[in-house]
Structures are given as C-alpha cells and as structure tokens.
Amino acid sequence: MDDFDEDLIRALQLDGRAQFSALATKLGVHRTLVAQRVHELLAAGEIRILAAVHPRAVGLPIQANLQLRISGSTSPVFERLREFPNVVFLSEISGQSQAVVEVWAADSDDVGRSVRAIQAIDGVDEVQFSLYDRVLRRLRLGEDPEPTDLEFDDFDIELMAQLQTDGRLTFGELARRTGRSASACRARVLRLLDSGIMRIGAVRSRRSATTSVLSGVGIMLTGEADDLASAEELLLGIPTIEFAARTLGRYGLIATIAARSLADYTDIVRRIRAHPGVRFVETWIHAFVWLERYEWSLDRLERNRRA
C-alpha cells in the first residue's frame, strides 16, 4: 500500500461513515478517486467498515491482555483459543512469547475462569497477565462512555446489529431493514455515536500483503506519577498508535503501533525508550492476526440491556 491508501484507511478508521467529499477534502484529492479507492479496498477485502459496540455496553467492563509462551506446534493452540467467546483479539507474535490474547470479561471471576481455561490448553507453558486499568486510546472504540449513556432499547439493538455487518448502510436502507423511518434511524445512530456506545470505522485485513507493521510495546515505568502522565502524553501524541492503556501487572503501559514501515516502527520505539519516565520497553511484532472480533450477537446485547 502507498501513503495515500494508508492515509485513507486511517481516516476511515476514525470515521467509517465519512462522506467521500469530506475524505477528499481532508486528503487533498478528487472525490472520484476516494470513492473508487474505497470501493476497491472493500471489494478486495483489504478493509471492512463495521460498527463496534463498546465492551461496557455488552456487559464486559473488564479487559485483560495475556501473553502466552507455547511449546510445540502453535496452530492447535490458536485454533482452540479462537473458540473462546470472550477472546476478542488473538495474534501470533515474534519474540519470547508466541501469542497475545485480549480477553473481555463480566467481572474478576469471569477473568479468572478464562485465564485458567487458557492455562489448561495443551501446549501453553506460561501466561503473563496485564489488566487494563484505564484505556487511553482505542481506535475502533474511542473514549469510554459515561455510565448514564449505556442505556439502549430494542430499536438501538436492531440498528447496532445491522451496522455491525455493514457500517456504511444508508439511513434509507436501515429504515427498510428495521421498519422505521429514515429520520428516526438517523437520529438514533447519531445518538449512539455521540454517547460512545458505538463507533463505526474501518477494520483492515491484517493478513493481506502490506507495507505497514503492526507491533506491540510493553512499557515498564520508573514509578513517578509525573513520569507516568508524561509517558501517556507521549503515546497519545503518536498518531500511528492504535491502542494504548494503563495497565496493572507486568507493564505500566501497553500500546499497539501500526507503523508504516520497519524504519517508522524503529523510530517510534526509540522515542518511547528515550523518555525519562520509561525504565524498560519490551517489543513484539504481530506476525499473524488470528482473530479481531467486533461483532456481538443480539442475544448478548439483549441480555445485558435487561440485566
């Protein structure tokens, strides 16, 4: 992919329903070029544009990052992990560990059950555990919604279900599928987006040939409060960081970098290492993403609404 594709995908990750004219203005090109390239990327499977529902809205407020050391063949372990319903991200990585697993859970007991079940998989020799204390940036989900914004009804659930399959459905098409008016669909979708319950953006295929490098960093800090704040500020100032979180466990901070090249990745890691509040940095490359889950069933949404 060239720089134009990377800039276009980045813009669609931030707003999957952006109008082609707005994207063209932002990128400094003609609208026709944007429309053509978006259609090509979708048709080729390079990207999908989907609604992502915030984990708190589906009753999964606790998120954990696990790194696994695996002995023997890795594929059977990954195939087994894909069956876990609360594993939302699963990647085969380079380095001392062989897997990164992100788990969403209803409570601490739920996390414990998941971790013990993962530890019991044949071939899993070691599990390193980090709990997300505060998510600083989550490209696909945005800021955590306020607790008062987490209420939704059957109409909201219908809309979320449709947009989880195609985030660029027109309000007219949503009206046809839900039996409501286009104006009602527009008002509800905007309310869901404004509340932070739902966000619509591009999900890129991590398995396609691309010049971008998806990598992770685990950051151990000096422990000074001011250093923590400035290290977080550093991460949030790097636009190609897709995810960043304050964590409890092995690391003080964890981040995911979508660098445009190995040189770009190396430069970002050097900047992080040079920060005075950073004591040590561990890095890994996401060599093969097995699972990236954003869709939730109506049953899950309905159960949490009535809880």
Side-chain angles (χ1 to χ4, degrees), residues 8-23 26 34-35 37-61 63 85-86 88-89 102 104 135 137-146 148-206 242-243 289 291-306:
L8 177 58
I9 291 173
R10 175 71 178 183
L12 287 168
Q13 286 176 319
L14 295 172
D15 183 2
R17 291 181 69 84
Q19 295 183 348
F20 292 145
S21 55
L23 292 170
K26 183 175 183 177
V34 170
R37 193 62 188 128
V38 170
H39 291 315
E40 289 172 349
L41 290 169
L42 289 168
E46 291 281 353
I47 61 171
R48 298 175 296 154
I49 297 177
L50 308 172
V53 180
H54 197 279
R56 292 184 184 276
V58 292
L60 300 170
Q63 295 107 53
N86 57 346
V88 300
F89 182 78
E102 184 171 326
W104 290 0
V135 174
R137 173 182 292 166
R138 192 179 343 233
L139 187 63
R140 287 286 293 127
L141 292 168
E143 298 286 335
D144 283 353
E146 294 296 327
T148 54
D149 292 330
L150 294 176
E151 297 181 1
F152 45 89
D153 60 19
D154 290 342
F155 184 23
D156 294 323
I157 292 174
E158 285 184 273
L159 291 170
M160 287 188 280
Q162 294 296 332
L163 292 167
Q164 281 186 142
T165 62
D166 184 352
R168 288 188 70 88
L169 287 172
T170 66
F171 295 123
E173 180 61 22
L174 287 170
R176 187 186 69 79
R177 296 187 182 197
T178 63
R180 312 295 181 106
S181 69
S183 60
C185 290
R186 181 180 186 279
R188 284 302 185 95
V189 168
L190 293 179
R191 185 182 74 84
L192 289 167
L193 293 172
D194 289 342
S195 71
I197 289 175
M198 178 182 76
R199 187 165 182 176
I200 299 172
V203 180
R204 64 191 307 160
S205 171
R206 304 295 190 183
E242 292 191 354
F243 176 85
V289 176
L291 176 67
E292 200 167 1
R293 189 198 310 273
Y294 295 105
E295 303 86 2
W296 299 98
S297 71
L298 285 175
D299 289 344
R300 174 93 218 179
L301 293 167
E302 182 67 18
R303 283 200 308 272
N304 187 59
R305 184 175 76 85
R306 298 189 184 281

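Since the structure is predicted, the reported quantities are computational estimates derived from the model, not experimental observations.
Checked against ring pair (Phe, Tyr, Trp, His ring centres under 6.0 Å), F171 has no partners two or more places apart in sequence or in another chain. In this view, R186 satisfies the salt bridge (Lys or Arg N to Asp or Glu O under 4.0 Å) rule with no residue, not counting sequence neighbours. Listed by chain and residue number, E173 satisfy the side chain to side chain contact (heavy atoms under 4.5 Å, CB included) test with T170 (two or more places apart in sequence, or in another chain). Applying the salt bridge (Lys or Arg N to Asp or Glu O under 4.0 Å) criterion to E40, with sequence neighbours excluded, gives R37. Partners of R293 under the salt bridge (Lys or Arg N to Asp or Glu O under 4.0 Å) rule, at least two apart in sequence or in another chain, do not exist in this structure.
Interatomic distance, L23 CG to L12 CG, rounded to the nearest 0.5 Å: 5.5 Å. Here OG of S195 is found 11.0 Å from CG of L190. Values are rounded to the nearest 0.5 Å. Taking CZ of R168 as the reference point, atom CG of L50 lies at 12.5 Å (rounded to 0.5 Å).
Closest heavy-atom contact between I49 and G16: CG2-O, 3.6 Å. Taking both residues in full, the closest heavy atoms of A175 and A182 are given as CB-N, 3.6 Å, listed atom of the first, atom of the second, then distance. Closest non-hydrogen pair, L159 versus R188, comes out as CD1-CB, 3.4 Å. Taking every heavy atom of both residues into account, C185 and T178 meet most closely at SG-OG1, 3.7 Å. Summarising the geometry of V135 relative to F243, their closest heavy-atom pair is CG1-CE1, 4.0 Å, with the distance given to 0.1 Å. In terms of heavy-atom proximity, Q164 sits nearest to A51 at CG-O, 3.6 Å.
Looking only at side-chain heavy atoms (C-beta outward), H39 and F20 come within less than 4.5 Å of each other. Looking only at side-chain heavy atoms (C-beta outward), L163 and L192 stay at 4.5 Å or farther from each other. The shortest distance between side-chain heavy atoms of D156 and R191 falls below 4.5 Å. Inter-residue side-chain proximity for I197 and M160 is flagged as met; some heavy-atom pair is nearer than 4.5 Å. No side-chain heavy atom of L169 sits under 4.5 Å from any side-chain heavy atom of R176. Residues V189 and Q162 form no side-chain contact, since every pair of their non-hydrogen atoms from C-beta on lies 4.5 Å or further apart. Looking only at side-chain heavy atoms (C-beta outward), L8 and K26 stay at 4.5 Å or farther from each other.
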Kindly indicate, with the supporting measurements, whether the criterion side-chain contact (heavy atoms from CB on, under 4.5 Å) is fulfilled by R199 and L14. CA-CA 9 Å; R199 187 165 182 176; L14 295 172; 3.7 Å; yes

The test is side-chain contact (heavy atoms from CB on, under 4.5 Å); show your working for I47 and V203 and say whether it passes. CA-CA 5 Å; I47 61 171; V203 180; over 6 Å; no

Any chance you could lay out the side-chain contact (heavy atoms from CB on, under 4.5 Å) test for Q63 and R138, step after step, and finish with the verdict? CA-CA 12 Å; Q63 295 107 53; R138 192 179 343 233; 3.1 Å; yes

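Applying the salt bridge (charged side-chain N to carboxylate O under 4.0 Å, His left out) test to residues at least two apart or on different chains, none of the pairs has a partner in residues 9-23.
With a 6.0 Å cutoff to the six-membered ring centre and a 45° limit on the axis angle, R180 counts as a cation-pi contact of F155.
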